[in-house]
Amino acid sequence: MFFSAVQCSHILVFGDLKNSVKFVLTGLKFSNDMSKQSELQSYEYPKSASKLLKCMAPEILEQNIIGSSFKSDIYSVGLACCELANGIAPFGDMQPDQLLFYKIIGETPRPLDSTCEEMKIIREYTDKMEITLQKRYAHYLKRSFSDDFHHFVSNACLHNEQSRRFTASELLEHLFMQKSLKEYSSSKMQLLAKHLQSPV
């Protein structure tokens, strides 16, 4: 059965890697059963949509004739990457009408670091900002993510056109994922993978 989530699901982890690990996937009440759809497209607007706007892909909000698909979940992967990288949820400080407008016109979040265009502008105006913002942006200006990570998030996951986003299989083949899996293939990661494959 194929499910397409319309909200970022969360994985809760219990226990520790040495003894026993339990994984629980939550947020599935906001998912659609796509197994009954002939072309794996959905045209349904989710219930309780107002709570989910930050996590939804633009095509779900647009409600156009193209509909949405599993590629909407790929968009959510990109949002999760941005939240982990930046320490704040994308679109987190926007009002619903603002958020709808920016998503539909194609505004996408990105991992913030010293290489971003925004940061070049921020450098010029840092002294005119509030102290809390100065501290936040100073943190971003000190770091630099790899080109592979930027491509993974911005091009592979968060492309505004869902047809141009990668599939889950293509994401696994992406250079960022390949390098990450190689770098972190320690015994702990192997144990983690073993627990992920076995039923809870």
Side-chain angles (χ1 to χ4, degrees), residues 3-13 23-28 30-32 46 51-62 68-94 98-100 102-120 122 133 136-186 188-189 192-193 196:
F3 288 91
S4 179
V6 294
Q7 181 195 23
C8 302
S9 295
H10 297 87
I11 297 175
L12 302 177
V13 183
F23 295 89
V24 179
L25 186 63
T26 68
L28 292 176
F30 301 113
S31 62
N32 293 329
K51 298 175 186 175
L52 311 173
L53 294 177
K54 294 172 191 168
C55 298
M56 285 186 200
E59 60 270 13
I60 298 173
L61 300 173
E62 281 181 299
S68 58
S69 69
F70 67 93
K71 294 284 187 86
S72 302
D73 294 335
I74 302 300
Y75 186 89
S76 293
V77 170
L79 291 179
C81 288
C82 283
E83 185 170 354
L84 290 169
N86 299 335
I88 52 172
F91 308 108
D93 57 348
M94 288 188 182
Q98 245 187 324
L99 188 147
L100 284 166
Y102 280 109
K103 279 197 179 186
I104 290 172
I105 65 165
E107 184 71 28
T108 55
R110 69 187 79 207
L112 297 173
D113 66 5
S114 58
T115 65
C116 295
E117 287 296 319
E118 299 94 324
M119 292 302 116
K120 292 173 184 174
I122 294 294
L133 281 177
R136 179 190 295 174
Y137 287 118
H139 174 70
Y140 298 149
L141 287 164
K142 289 177 188 172
R143 67 183 186 186
S144 180
F145 293 118
S146 70
D147 290 341
D148 292 333
F149 181 63
H150 278 291
H151 186 274
F152 180 85
V153 176
S154 300
N155 297 76
C157 296
L158 290 179
H159 203 288
N160 206 45
E161 292 179 42
Q162 59 175 318
S163 61
R164 296 183 66 180
R165 289 179 211 141
F166 283 33
T167 63
S169 300
E170 288 169 338
L171 285 183
L172 286 172
E173 296 299 320
H174 193 281
L175 263 175
F176 168 71
M177 286 298 293
Q178 291 298 311
K179 288 177 181 176
S180 298
L181 290 169
K182 190 175 180 181
E183 186 178 342
Y184 296 108
S185 62
S186 65
K188 283 189 178 181
M189 288 304 287
L192 183 64
L196 278 171

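Positions are given from 1 along the sequence.
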Subject >> Lys103 (side chain) donor-acceptor with Met56 (main chain) under 3.5 angstrom >> reply: yes
Subject >> Closest approach of Ser114 to Ser144 (non-hydrogen atoms, all atoms of both residues) >> reply: OG-CB, 3.8 Å
**OP:** Write down the atom of Lys54, the atom of Gly92, and the distance for their closest heavy-atom approach.
**Re:** NZ-O, 3.6 Å
**OP:** Taking all heavy atoms of Phe145 and all of Ala85, pick out the closest pair and write down the distance.
**Re:** CZ-CB, 3.7 Å
Subject >> Point-to-point distance, once rounded to the nearest 0.5 Å, from CZ of Arg165 to CG of Asp73 >> reply: 10.0 Å
Please tabulate, for side-chain N and O atoms in residues 152-160, each donor-acceptor pair with protein atoms closer than 3.5 Å (sequence neighbours left out).
from   : atom 1 : to     : atom 2 : distance (Å)
Ser154 : OG     : His150 : O      : 3.4
His159 : ND1    : Glu161 : N      : 3.2

**OP:** Please report the closest heavy-atom contact between Arg110 and Asn86, naming both atoms and the distance.
**Re:** O-ND2, 3.0 Å
Subject >> Given Leu79, Thr108, Leu99, the one that forms side chain to side chain contact (heavy atoms under 4.5 Å, CB included) with Pro90 >> reply: Leu79
Original post:
Any side-chain heavy-atom pair from Cys81 and Phe149 closer than 4.5 angstrom?
Top reply: yes
**OP:** Kindly compute the distance separating CZ (Phe91) from CD (Glu107), expressed to the nearest 0.5 Å.
**Re:** 7.0 Å
**OP:** Using only heavy-atom distances, determine whether the side chains of Asp113 and Thr115 contain a donor-acceptor pair under 3.5 Å.
**Re:** yes
Original post:
Of all heavy-atom pairs between Ala57 and Tyr75, which one has the smallest distance, and what is that distance?
Top reply: CA-CD2, 3.5 Å
Original post:
Can you tell me how far CD1 of Ile122 sits from CG of Leu141, rounded to the nearest 0.5 angstrom?
Top reply: 8.0 Å
Subject >> Over all atoms of both residues, closest heavy-atom pair of Leu112 and Met119 >> reply: CD2-CE, 4.1 Å
Original post:
Does the distance from a Lys or Arg side-chain N to an Asp or Glu carboxylate O, for Glu59 and Lys71, drop under 4.0 Å?
Top reply: no
